[in-house]
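Everything numeric here is computed off the predicted structure, so don't read it as measured data.
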Amino acid sequence: MSALKRSSQVAYQRWKDTKISFVTSRADDKSVLTVHEEQPGENEPSNEGVSTIREQDLEDSKKRSCGISETFTVEEAVEAIGFGKFQWKLSMITGVAWMADAMEMMLLSIATPQLRCEWRLSSWKVAFITAIVFIGMMVSSSLWGNISDKYGRKVCLILCMLWTLHYGLLSAFAPVYSWILVLRGLVGFGLGGAPQSVTLYTEFLPVKSRGTSIILLGVFWALGAVFEVLLAMMVMPTLGWKWLLGFSALPLVVFAASCCWLPESARFDVLRGRGDKALDTLKYIAAANGSSVPTGRLIANTQTDRGRITDLFIPEYRKTTLLVWFIWFCNAFSYYGIVLLTTELFQAGSTCSASDNSSMEPRCSLECNYLTFHDYVDLLWTTLAEFPGILVTLWMIDRVGRRKSMAVCFLLFSVSILPLYSCTQRTLLTVFIFIARACITGGWQVAYVYTPEVFPTATRAIAIGTGSGMARVGALITPFIAQVLLKSSVYLTLSVYLICCLLGMVASWFLPLETTGRSLQESTQSTMDQKNTEESSSNACP
């Protein structure tokens, strides 16, 4: 009996003297907690009794799958908070940025005819005024995307909009052709960051309302384009193009006055390891929407290497990246092409030859002609086409899917420009241009939805930035087709746009991933998918 007592005392003493230490380390961007048992007299922890526990371990996964919410991700928080007052307010502010972008773009097709007459410019010089804006956007789009992924969506958006405001106002004072080129090029450099408003907006949207909300954001683009035409109708005949450039910066002034309210993306904050700030943002949004964040601990996988173009070409994304780039190119090439063709064809008058020979190709003289009130009215009608284009796309995007919606829009654009090959009266010309612009507007809006959905948070901004850069390549080329080649051959000009959109339809059809109803991924390692796999393979609930 005494021997048993001594044995119990020895065991108790050994247990009492045992030291337990906890060592935290990181592996694969996840915190790892290691428990070591040290026996008396040992300098190093023994390998015996060592267990490794991830903060996002399988036990947490089992509990979450059983409805015990001890941890949650930003994705789950955004879904729980839902769409409410905060998102509506964010829609207004990011929408103003889109209005500013649309007005600066629409400005090109309105001001250049007057500049052609006032400065006696040749066709290629007129085209270069448009092209220099797109050169600036092409050069800066990837840069702004990199800034957005590395330093924040809010910082990027505010910087690029203030830059655009500064040089947009200065360009209204351009005295000669060379100065308008330099200043409008700098405006284009700033506008290269405007698509990052979609990056910021997307990361605050729940899955169910994401497609609809981003498409409706396109309404602000359409409003900006319409407002620019109405502004030109009042300003151009009396005050001239310089005042038009000055007044076109009004949305940028509104944005500058309200940008201090913009929050940083919670998804971006957790990715750079600032979970406390992300949680504060989520609580603020929940309070604004009258809801609450899930209970428990906010978890996320950090990634220090963000905004790298090379990450767009890892095996999982290589094909998608190339196809998305081409789709953006086709959208911008065709959209700005139809915008520029509208004023050029209206100025040329009837495309019918005076000759009765039906085989003779219609030609456009494109001589110096100021836009008339009738031209502005027709331009307004074709600009209004963006609204039905958005509405039709809004109906399709969740029913048909992102890929098929883009393919259908490209196909309908191609069909709608076919009648322009024939002798077309001005009324019918307006109708067909109206339909074509509606289709290409809708297709481009879907591309703005698809791109941030298919790429993870770590590369989302650089993906939109490089896609926008490819779009500017298309926009850079299109003035020389719509304003220079048109002077030589209407048939050849229309054929270029027809073939481009047919190829865009094929590219949309062969995109490898449909993103409808899909959660936004956070890192390039697809950690969320790996986590779901671990959860499904874990033990059943206790």
TODO: Please find out if less than 6.0 Å separates the ring center of F189 from that of Y167.
DONE: no
Open item on the list: For a quick check under 3.5 Å, do R460 and T457 share a side-chain donor-acceptor pair by atom type?
Closed with: yes
Open item on the list: With a 3.5 Å distance limit and no angle check, can you tell me whether N331 reaches the backbone of A471 through a side-chain donor-acceptor pair?
Closed with: no
TODO: Would you kindly say whether T466 and W325 are connected by a side-chain donor-acceptor distance under 3.5 Å?
DONE: yes
Open item on the list: Donor-acceptor pair, distance only, cut-off 3.5 Å: does the side chain of S416 make one with the backbone of F413?
Closed with: yes
Open item on the list: Could you check whether any side-chain N or O of Q87 sits under 3.5 Å from a backbone N or O of F204, counting only pairs where one atom can act as donor and the other as acceptor?
Closed with: yes
Open item on the list: With a 4.0 Å cut-off on N to O distance, would you call E514 and R403 a salt bridge?
Closed with: yes
Task: Short side-chain donor-acceptor distance under 3.5 Å, S248 and E228 - done: yes
- [ ] Answer yes when E75 and R267 have at least one side-chain N-carboxylate O distance shorter than 4.0 Å, and no when they do not.
- [x] yes
Task: Test of ring centre spacing under 6.0 Å for Y497 and F333 - done: yes
- [ ] Any chance you could measure C259, atom SG, to L252, atom CG, to the nearest 0.5 Å?
- [x] 11.0 Å
Task: Nearest heavy-atom neighbours spanning L183 and S171 - done: CD1-CA, 3.6 Å
- [ ] Taking D398 for its side chain and G211 for its backbone only, find out whether a donor-acceptor pair lies under 3.5 Å.
- [x] no
Open item on the list: Measuring only between side-chain heavy atoms, which start at C-beta, is L341 closer than 4.5 Å to I433?
Closed with: no
Open item on the list: Taking the side chain as everything from C-beta on, heavy atoms only, tell me whether L231 gets closer than 4.5 Å to M103.
Closed with: yes
Task: Test item: W509 and K404 side chains (from C-beta on) under 4.5 Å apart, heavy atoms - done: yes
Task: Check: W98 ring centre within less than 6.0 Å of F255 ring centre - done: no
Open item on the list: What's the separation between atom CD1 in I93 and atom NZ in K89, rounded to the nearest 0.5 Å?
Closed with: 6.5 Å
Open item on the list: Is the distance between the ring centroids of Y336 and W444 under 6.0 Å?
Closed with: yes
Task: Set of residues satisfying side chain to side chain contact (heavy atoms under 4.5 Å, CB included) with respect to C160, sequence neighbours excluded - done: W144, L157
Open item on the list: Any donor-acceptor pair under 3.5 Å linking the side-chain atoms of E118 with those of W241?
Closed with: yes
